[in-house]
Amino acid sequence: MKTVIGNWKMNLGIRESVALAHGVLQSLKGKELTPDVVICPPFTVLSEVQKAVSKSKLALGAQNCGPDRAGAFTGEISVPMLKDVGCSFVIIGHSERRNYMQEDGVLLHKKFRLALEEKITPVLCVGESKIEREAGQAITFVKNQLKEIFENQTIPKTSRLMVAYEPIWAIGTGAPASVADIVEMHQIIRAEVAKYTGAEPERVEVLYGGSVTSENAYGYLRESEIDGLLIGGASLKLNQFTEIINLASDILNAQI
Ligand code: PGA
């Protein structure tokens, strides 16, 4: 299986969001075998987008969540609230939140746990900066990010285990990582998550994200080690995003 996730970040109002969701939905119609497709709009439009995608195979995700179930946490959005509005996925630990909002391993561990407990799939983002890569520290850095989340974490048997490898230097830069670098890191991520959780390595889904476009997506999707893509900029362009979904569908159909 392949999974294609669109991370819309802090973009689009209600009208544009609903139109984009309708467009994505349209591209899934009539196809038998498609990747799992998830769109992650901003909180403010989730409710309207949910109406557009309900009862379809297009899933809804959020870009972040608070670490607590409810209470006096002004400005936070909880996992139960996300479920209530129809989300079945939530992105956790995106580098933009780690870096701009100072989200650390302790906080992310808590968010990840809550998502699992509430039976919504956390999409954990990990990835090194250019400094770490150039210093030969990328693998150590990513292993440590995984340790912070998966050590002492109880994983329900039915949970999807999803990690997105997003090297920071590749996000929004037009300079994506090479297939060789991604495959190397994905193998490590898969083995580490399997080690901490006791899950079969095949159960761990490892996605790549960072300057994915409809031009380079095929090269990633055809790799068995790459279980899918987390897409920022190109997920806001309907033709690009649907082209990537089509490429993933073609690959899945060719495998039958
Ligand atoms: P990008 O963003 O595709 O625009 O590089 C990816 C992400 O941040 O998830």
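Hydrogens, waters and symmetry mates are skipped; everything else that's a heavy atom, side chains included, is used. For ligands, and for the atoms within them, numbers begin at 1 and follow the listed sequence.
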Backbone or side chain, does any N or O of Gly232 fall under 3.5 Å from an N or O of ligand 1? yes
Report yes or no: does Gly210 have a heavy atom closer than 4.0 Å to ligand 1? yes
Please list, in number order, the atoms of ligand 1 under 4.0 Å from a heavy atom of Gly233. 1 (P), 3 (O), 4 (O)
Got a salt bridge between Glu128 and Arg133, using NZ or NE/NH1/NH2 to carboxylate O under 4.0 Å? yes
Taking every heavy atom of Gly61 against every heavy atom of Leu46, the minimum-distance pair comes out as O-CD2, 3.7 Å
Salt bridge or not for Asp68 and Lys111, using N-O below 4.0 Å? no
Heavy-atom contact under 4.0 Å between Gly172 and ligand 1? yes
Between Arg69 and Glu118, does at least one N-O distance fall below 4.0 Å, as a salt bridge requires? yes
Show which atoms of ligand 1 fall inside a sub-4.0 Å distance from at least one heavy-atom site of His94. 7 (C), 8 (O), 9 (O)
Output yes when the distance from some N or O of ligand 1 to some N or O of Thr173 is under 3.5 Å, and no in every other case. no
At a non-hydrogen distance cut-off of under 4.0 Å, which region of Asn7 contacts ligand 1 (side chain, backbone, both, or neither)? side chain
Among all the protein's non-hydrogen atoms, which is closest to atom 9 (O) of ligand 1, and how far away is it? Glu166 OE2, 2.8 Å
Does a salt bridge link Arg15 with Glu48, judged by any charged N lying under 4.0 Å from a carboxylate O? no
In plain terms, say whether Arg222 and Asp250 are close enough for a salt bridge, that is, a side-chain N and a carboxylate O under 4.0 Å apart. no
